[in-house]
Amino acid sequence: MTAWFRFLRACFDTRRGRDAADFARSGRSRSRAIPGRMAKTGDAPGGRNRRVPKGFGENRRAGSSPRSTVVPATLFARLLPAGRFRSKRGSQRVSKQALSAGGGALALLAVALGDASAELKIDITRGQVEPLPIAITDFAGRGGEEVRVGRDIAQVIAADLTGSGLFRALERAAFIQTLEALDVQPRFGDWRVIGAQALVQGRAEMARDGRLRVEFRLWDVFGEAQMKGLAYSTVPRNWRRVAHIIADEIYERLTGEKGYFDTRIVYVAETGPRDKRLKRLAIMDQDGENHSFLTDGSVLVLTPRFSPAADMITYLSYFGRDPRVYLFNIDSGRQEVVGEFPGMSFAPRFSPDGNQVVMSIARNGNTDIFLMDLRTRRERRLTDHPAIDTAPSLSPDGRRIAFESDRGGTQQIYVMEVNGGTPRRVTFGQGRYATPVWSPRGDLIAFTKSLGGTFYIGVIRTDGSGERALAEGFLVEGPTWAPNGRVLMFFRQTPADDQGRGARTRLYSIDITGYNEREIPTPTDASDPAWSPLIP
């Protein structure tokens, strides 16, 4: 039996005499995560609803900035023409909204100057893909700090691409052409002889105004053509953000799919003994860097989920003995309860447009799914059944909803139209199915399954066909999608020994083909991850 059903049945099981708060504090209750800018933590500035959990936003001194917060800045990007690396800038500009980090927005300006249409491309529709050999040189600089930043940027790009499982970064010791010679034009023969199919070169320089300018080029080694060229200008502390953006550009150019590196993860950080677990909201870049705690653990928090704009988090929290759904503004640190209504509210998730929150509400011993408009605070009941209906997830177009229910006698996944209609069961395999999560692409639903004492993370088509297990273990739960719908993240718990020692709970990611499972580094035990959209 998965977490929400354990949670609910503990809440309503009068024979055991345990209430919801006691059960959750026992550490057995597990949240369900799905779907950032780094948080500005701090006390809420007096919102309309002052029922705020104690201890939120108290991990930062007044007037100070957390290590991971990025200062407001403007970032400019310009496509570079093929030819010499230091080419003359074009004059045509296309402006658009681009980047956001920490408390400040970053505007993007891009100029399309006609990169060559090279044929180099990775086919990611097959199950297991042979990683593409790619040479990523240190980004050149004029010396000192520029050289260090250029080297760090190249390392982050290489780590992002290698971590996707689709690329194999070649060892720098094998490079033949020097950075100085490469600054004029690649000698493609030197790169072909070491097996490189793609080449990334770049430059990092400090401008007179103190801003950091980063340029990069992507080359097709066998086609001897430039595939992409961009330049960025930003404050120096944004260098890691720029590296993720460049990795996304390379990923998209070579796969045809959007990247997912310029994203963040919010999760529940866990510390302390298993019978008295301390749980805090934490946020970090998708590679585990720029880590920060959003809450101090004085109040239990569960099930964080990002808004489509990546500026808000909705989550479950206990204030007193009542579980309630809250909203957390990442920029301001303000928290507020979603609504004051009878019964427990939990399992929240934003609608695709960010204007509504879908959640479960338990009233009079019955649990159903409700949709609340955040602008009017009016709720609409979507299910009305004596069974437990919970863990709702809306489709990307907002027209359908997937949820878990035991209305058929066992825990299964159902799909129904948001505007009404009879729920349709879509899982019929052995075991219990839970935590459905609709893919951002709209083609798959991820789920947790338990069978014979083993847990599985799997995917299924929205009509119930094509079920595939991707990961399994003693306890694997909480799937969440990368914004491109190609990668899943989840948490895995390993069992303790006879003395209750040795158990650990960590985050992992895996490709939807079932390959390239890898651990995501966190400073503590971690559960219930939620992957942000690409940062606006």
Side-chain angles (χ1 to χ4, degrees), residues 32-35 123-127 164 248 251-252 255-260 262-263 265 286 305-310 314 347-359 369 371 382-383 389-405 412-429 433-449 457-470 478-490 509-514 529-536:
R32 295 293 171 265
I34 293 298
D123 180 6
I124 59 177
T125 61
R126 295 179 289 119
S164 73
D248 279 333
Y251 183 97
E252 182 176 2
T255 68
E257 301 275 355
K258 288 287 187 180
Y260 58 91
D262 185 30
T263 56
I265 305 296
Q286 55 81 28
R305 282 104 157 110
F306 273 106
S307 70
T314 184
R349 194 184 310 280
F350 282 98
S351 64
D353 61 9
N355 293 325
Q356 301 175 96
V357 169
V358 63
M359 60 186 146
I369 295 171
L371 192 65
L382 300 184
T383 65
D389 296 338
T390 188
S393 176
L394 287 162
S395 61
D397 60 9
R399 298 172 58 185
R400 292 179 292 170
I401 186 170
F403 62 96
E404 64 180 81
S405 175
Q412 301 292 333
I413 295 174
Y414 292 77
V415 172
M416 65 176 288
E417 298 290 327
V418 171
N419 293 328
T422 303
R424 177 173 55 88
R425 179 174 165 179
V426 296
T427 54
F428 294 91
Y433 293 78
T435 65
V437 189
W438 220 296
S439 165
R441 302 162 65 98
D443 56 343
L444 297 171
I445 295 174
F447 59 84
T448 300
K449 177 179 178 178
I457 298 293
V459 292
I460 195 171
R461 297 191 186 99
T462 59
D463 63 359
S465 63
E467 177 179 330
R468 290 185 290 114
L470 305 181
T480 179
W481 290 95
N484 67 353
R486 297 292 308 181
V487 181
L488 281 166
M489 190 175 293
F490 60 95
S509 66
I510 193 167
D511 190 88
I512 61 170
T513 61
W531 212 320
S532 81
L534 284 172
I535 307 302

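Residue numbers run from 1 in the order of the sequence given.
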Query raised in the report: Using 30° and 60° as the class limits, which term best fits the ring planes of Tyr260 and Trp531: parallel, tilted or perpendicular?
Result: perpendicular
Roughly how far apart are [X] [atom1] and [Y] [atom2], rounded to 0.5 Å?
X	Y	atom1	atom2	result
Phe350	Met359	CZ	CE	10.5 Å
Leu470	Ile512	CG	CD1	8.0 Å
Thr255	Asn484	OG1	CG	8.0 Å
Leu394	Ile401	CG	CD1	4.5 Å
Ile265	Thr480	CD1	OG1	6.5 Å
Thr435	Phe403	OG1	CZ	14.5 Å

Report summary line: The single option from Thr462, Asp463, Ile445, Thr427 that satisfies side chain to side chain contact (heavy atoms under 4.5 Å, CB included) with Val415 is Ile445
Considering all heavy atoms, the nearest [X]-[Y] contact:
X	Y	answer
Met416	Thr383	SD-CG2, 3.8 Å
Val437	Trp481	O-NE1, 2.9 Å
Pro352	Ser395	CG-O, 3.2 Å
Thr513	Arg468	CA-NH1, 4.0 Å
Pro396	Pro440	CG-O, 3.5 Å
Ala434	Ile413	O-CD1, 4.2 Å

Are [X] and [Y] packed together at the side-chain level, in the sense that at least one heavy-atom pair is separated by less than 4.5 angstrom?
X	Y	answer
Val418	Arg399	no
Ile510	Phe490	yes
Ile457	Thr448	yes
Tyr433	Glu404	no
Phe447	Glu467	yes
Arg441	Arg486	yes

**Report entry** Ser439 side chain vs Leu444 backbone, donor-acceptor pair below 3.5 Å
**Finding:** no
Query - Pair Arg461-Ser465, side-chain hydrogen bond (donor to acceptor under 3.5 Å, both in side chains): steps then yes or no - result: CA-CA 5 Å; Arg461 297 191 186 99; Ser465 63; 3.3 Å; yes
